[in-house]
Each structure stands twice: as structure tokens, then as C-alpha cells.
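Since the structure comes first, as C-alpha cells, the remarks are kept for the end.
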Amino acid sequence: MSKRFYITTPIYYVNDRPHVGTAYTTIAADVVARWHRQRGDEVFFLTGTDEHGAKAAESAAKAGKSPEEFTAEIAQLFQLAWKNLNIKYDDFIRTTEKRHARSVEKFMQLLKDNDAIYKGTYEGLYCVGCEKFITEKELVDGKCPLHNRVPEKIKEKNYFFRLTKYLDTVRRLIETDEIVIEPVERKKEALGLFQQGLEDFSVSREKVKWGIPLPFDSKQVIYVWVEALQNYVSAIGYGDDIDRFHRWWPVDVQLMAKDILKFHAIYWPAMLLAVGEKAPKKEFIHGFFSINGKKMGKSLGNTIDPNDMVEKFGSDGARYLLLSQFPFGQDGDIQESRFVEKYNADLANGLGNLVSRTANLMEKYAVENSMTDPGIASDKIEEIESAIQELSLENALKKIFQLIAEVNKYLDAESPWKMDDSQAEKRAEVLRDCAARVRRIARLVYPFLPIASRRIERQFSESLVKKEDPLFPRIQA
RNA sequence: CGCGGGGUGGAGCAAUUGGAAGCUCGUCAGGCUCAUAACCUGAAGGUUGCCGGUUCGAGUCCGGCCCCCGCAACCA
């Protein structure tokens, strides 16, 4: 049963480079997208970069570049990283693109027309040195740490989104799972946010220059978060190509890490309701990484560059290592020393070696390949499929790798290398069976390890299977 | 009492609605030799943070306590 499937990652802020966190979300989305494509669904997989706002402008200035130049460079870094990781997205949206601005303007105008936006005043601490609002949290001894000066309390005229008007509806949608929020802890957290008091929020900035002007007040720029969320609809033609938009909306799954839950679970559905569109079907929130027990972050300088992982383990290896280690949806601690261990144990010794020994035996005994169905129990296949549908990606992998172990056991039990030519028939039968299972495993593993999967399928579709170079060469620690 | 997550054999993690505590790595002992010094079999190793409660039965529910971590207007 073919269907349409729209999946998104957050668009990543250009203030930072790609790191394991962003890579994790993106790989997971790619796996799910590939899985759907493999079963014949029509898929739209969106990712991109969030490029406006004071921070981006500041970073550009620091780098001595124009915001346009700077953001283009960072966007390219993301595209390169995703290419290296073999991410097959259908679209990469940049919020500085015209198509985005067009949709956003329509969206904002409609909010205004629907009386979801009103004029008010925004009050905050403003540091003249930084030329931006800073939060109390950022203060050191009541002063801006960068400029060592006390920020001024400033009021600026802003436009506000009437969030409070939509809160009851959004809460109900979450409670009834019309917006599914998973894992369930995150649903509880989202519902908890309502109790903490949510207020209307400002959707524009007067002081910020780097952004999209409000369509009904060009002196103001749209608050970057508001406009960023709208990428999910602008990329599919909101306000521009209605048919295309409704072909994909509402989105099936939005993946993200837990820090942006509030924006996606509450603000975003509220804004959609305000313009008369449906809320997302599902928001799936995964956890954070810590690295060797410490919080990952630029300030600690312990981020891991996914490109380095690809260089060391290959794209399949990097994808596997990130997805296999922790339950998708929970926090996990990355121990870099375990990467090599895991790679060797599962990919080199497990899948890679199984492929080698099977191919070698096939070649050695010149076994004629057949494309028969393998003897893998269908309930196991179903378990794997449903694990992927539930986004229990690590479980799906675990179950697939159990199948690999089974073939190894089977080979050992039958020991075809001990059979002499009087048993040639039996020997060929065993090996054909192994080959069929390897082929099936290759298909199962495709969303996770697309390159290895393709190689195995090609190798094992020949009438005479030959041994080839190792899929995953062992890495010396 | 701001919100949320977590504390399980040496290490990293699992345990759908409460019911014989599993997996991977590592360690030790065998086996095999087709394979990437790989693969297979077996063993050792846990009073599931602490205390109390509910129950025929709790890692799993309830109460209290002790630690660790994340979030609280913009780093996934």
C-alpha cells in the first residue's frame, strides 16, 4: 500500500557547524525516508538551514563577511556533511531563499488578517555593546560579560502572536494524540509546559536587521524562530502552490532534539491553527549526546565532526555507529573509544565477515546461485519493520544483526567446508540458503547502510558469486 | 515543593500492560579453520542507588531520602 510520507529535520542554525547532534537527527530522518521509499511510498524528506537573526549577523561580522556570504558558506558546510553521510534529502531549504520569504510573508499576513497578531511592547535587557537583547542568564554580576557594562532596560514596539487564544486547542490536540508527541515522556513534558504559564510572544524585532521584513510593517523584521518554523510549509509551496502544499501537508513526522520541543509542540501548531491549517501528525523528540560523560558543546570544545567519522568509518559506518548505540529518543553518552570496538564487532566481524565467508565458499565450491527465498521467519521481518515504524531504530538494527548471527551459527552447524564431493549437492544447498539470507539481510539493512546494501545485492545476484574486498575493513585501535 | 530524564554484573545499554534479571564489549576455558587473527560453544560475574509500603509476586506501582544530567526565548 503506497502512500505519501513527509518527514522533516529541524533547519539548523548557521551559527554552528554540523556536529554529531545535527548529524544524528539527519541520519535518522534519512533512514526513515529511505525505508519508506524502499517500500514504494512517495517520500518528501526536508532539511535545511536557518539563516536569519542577530546571532547569525553577529557571527558573520566576526568572520569579516557579509551575512549573505557567511550563511552561504555555512549552508554549504551542512550540505557537504550530509553528502558525506550519504543523506538523500529531497529538498534543502535555506531561509534566505526568496521562495521562503514569499511563503512567510503570506503566512504572516494571514496571521494578521485573522487577528492573531497585535501590536504591543517588548521589554528586555539591551546591551548597547552587543546591539541586542540579552537574557538574565547571560549576565555576569549583572553585566554583559562581553562588554562589561550594565544592560539597559529597553522597551520596543513589537507585534505579538496571540498564543493564549490557541492554547486550549493545542493542548487538547496533544492530549488526544491528534498531535502525537513521542516518546511519551516528551508528551508529558509538553503538557507540563501549559501549567507553567505560556504567554503571547513577540514575533518581530525592531533592532534586528538581518531577517525578513514584516509584510505589514517593513520597519520590523520577523523574529527568527517564527519564520524558521515556517520552513516546513514554505518548502512545499505554502501560499505559492496550493496543490503542492496540500499534497504534503500535514507533515507525517518531524524529528528534533528535546531543546526545541516547546517551539514545535506548542508554538508551531498554534500558528498553524491561526492560519487555518492542520497541525503536524507527529513530533518525535530524541535526546542529547554527552561526550565521554560531559555535556557536548562548543564552549567545552568537545564536539565531534561527523566528517571525521565518515573519514574513519565510512558513511555507512558513521551512520551505524550513531544510530546503533542508544535508544532513539533518549539521551546517550558517546564514548569515542567504543566507536572502533563497535565498528569492528558488528560491521567488520559481523556483517562484513559473513559476506566474505559466504562469498568465498560459494566461489570455492563453484556453487550456482539461485534467487530463492531465504528461510527467515516472517515474524522476525515484521518485528524489524514495526520497530522502524515506531522509530525504534536501534532495536531494528539489533534485530537485523541477530539475523546475521543466525547465519553464522547455521554455517558453523552445517560446516560445508567439511563436506566432501560426495555431499556436493547438500553443500550447494546450504550455501545457496546462506546466500539468500545474506541478500535478504542486505535489503533489510538498506535504510541504515545503503552503500553496503547495494554492494551485497549486486555481488549476490551474480549466477556465480565471487569473493570481493572486505565491506568493512577492520580498524586497528 | 519550576519542569523533565536517569541511577541494572568490569564497561556501555535492554527489559510491551508488575510474573523465572537479558544484550553487546571485555575476561577465562574449549571448538573450528570457509572467512576481515574472523566464526561457534560454554563459564565466571548483579542483594537492579538507599529505606519503607502495596501485592501470591516489583527493576517495573506508591511514599520518603541520596546522587547525576538536561531544560527554563533561540547550540540536535
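What you see is a predicted model, and the numbers here were worked out from it, not measured in a lab. Order of the sequence lines sets the chain letters (A, B, ...), proteins ahead of strands, with each chain counted from 1.
Of the P atoms belonging to B:rG5 and B:rU16, the separation is 16 Å, rounded to the nearest Å. Atom name C1', nucleotides B:rC56 and B:rC65: the rounded distance is 29 Å, in whole Å. Going from the P atom of B:rU48 to that of B:rU60 covers 10 Å, rounded to whole Å. Using atom C1' as the reference point in both B:rG63 and B:rU54, the two lie 11 Å apart (nearest Å). With both ends at atom C1', the span from B:rA21 to B:rG57 equals 15 Å, rounded to whole Å. One C1' atom belongs to B:rG4, the other to B:rC51, and the distance between them is 25 Å to the nearest Å. Between B:rG64 and B:rG46, the two P atoms lie 32 Å apart (nearest whole Å). Across B:rG45 and B:rC23, the matching C1' atoms stand 15 Å from one another, rounded to whole Å.
The side chain of A:K55 contributes an N or O atom lying less than 4.0 Å from OP1 or OP2 of B:rC75. Between A:N349 and the phosphate of B:rC39, there is a side-chain N or O to OP1/OP2 separation shorter than 4.0 Å. For the pair A:K467 and B:rU36, the criterion of a side-chain N or O lying under 4.0 Å from OP1 or OP2 is met.
Residue contacts shown for A:K258 are limited to sugar-phosphate atoms, with no base heavy atom under 4.0 Å away. Base contact: A:Y223 has a heavy atom under 4.0 Å from a base atom. When heavy atoms are screened at a 4.0 angstrom cut-off, A:Y24 is found touching no nucleic acid atom at all. Using a 4.0 Å heavy-atom cutoff across all strands shown, A:A345 reaches sugar-phosphate atoms only and no base atom. If you check every strand for non-hydrogen atoms under 4.0 Å, A:L471 touches a base. Counting any heavy atom pair closer than 4.0 Å across all strands shown, A:Y365 reaches no nucleic acid atom. Contacts of A:V20 with the nucleic acid, taken as non-hydrogen atoms under 4.0 Å apart, are absent.
The environment of NZ in A:K165 is crowded: more than 12 heavy-atom neighbours from other residues, nucleotides or ligands sit within 6.0 Å.
With B:rC74, B:rC32, B:rU36 as the choices, the nucleotide that has an atom nearest any side-chain atom of A:W225 turns out to be B:rC74. Set against B:rC34, B:rC75, B:rC39, the side chain of A:W417 has B:rC34 as its closest nucleotide. In the set B:rU41, B:rC23, B:rC34, B:rC23 carries the atom at the smallest distance from any side-chain atom of A:K398. For A:D412, the side-chain atoms get nearest to B:rC40 when compared with the rest of B:rG4, B:rC40, B:rA14. Of the candidate nucleotides B:rG12, B:rC23, B:rC75, B:rG12 has the atom nearest to the side chain of A:R338.
Under the Watson-Crick or G-U wobble criterion, with both distances below 3.5 Å, B:rC61 is paired with B:rG53. Taking a pair to require two hydrogen-bonding distances under 3.5 Å in either a Watson-Crick or a G-U wobble arrangement, B:rA11 pairs with B:rU24. Figure legend. B:rC75 is base-paired to no nucleotide; pairs are counted as Watson-Crick or G-U wobble with both atom distances under 3.5 Å. B:rA29: Watson-Crick or G-U partner is B:rU41, with both key distances under 3.5 Å.
Looking only at side-chain heavy atoms (C-beta outward), A:M309 and A:V20 come within less than 4.5 Å of each other.
Checked against the 6.0 Å centroid criterion, the rings of A:W225 and A:F263 qualify as a close aromatic pair. Separation of the A:Y166 and A:F161 ring centroids falls under the 6.0 Å cut-off.
Heavy-atom nearest nucleotides on RNA chain B were determined for A:N360 and for A:L193, and the one closer to the 5' end corresponds to A:L193. Remark on RNA chain B: of its neighbouring residues A:E341 and A:F472, the 5'-side contact belongs to A:E341, judged by nearest-heavy-atom nucleotide.
Test A:W210, A:Y13, A:Y223 against A:H52 for ring-ring contact (aromatic ring centres under 6.0 Å, His included) and you get one pass: A:W210. Checking each of A:F339, A:F448, A:F401 against A:Y320 for a ring-ring contact (aromatic ring centres under 6.0 Å, His included) leaves exactly one that passes, namely A:F401.
Between A:Y343 and A:F313, the ring planes lie tilted relative to each other; the angle falls in the 30° to 60° range.
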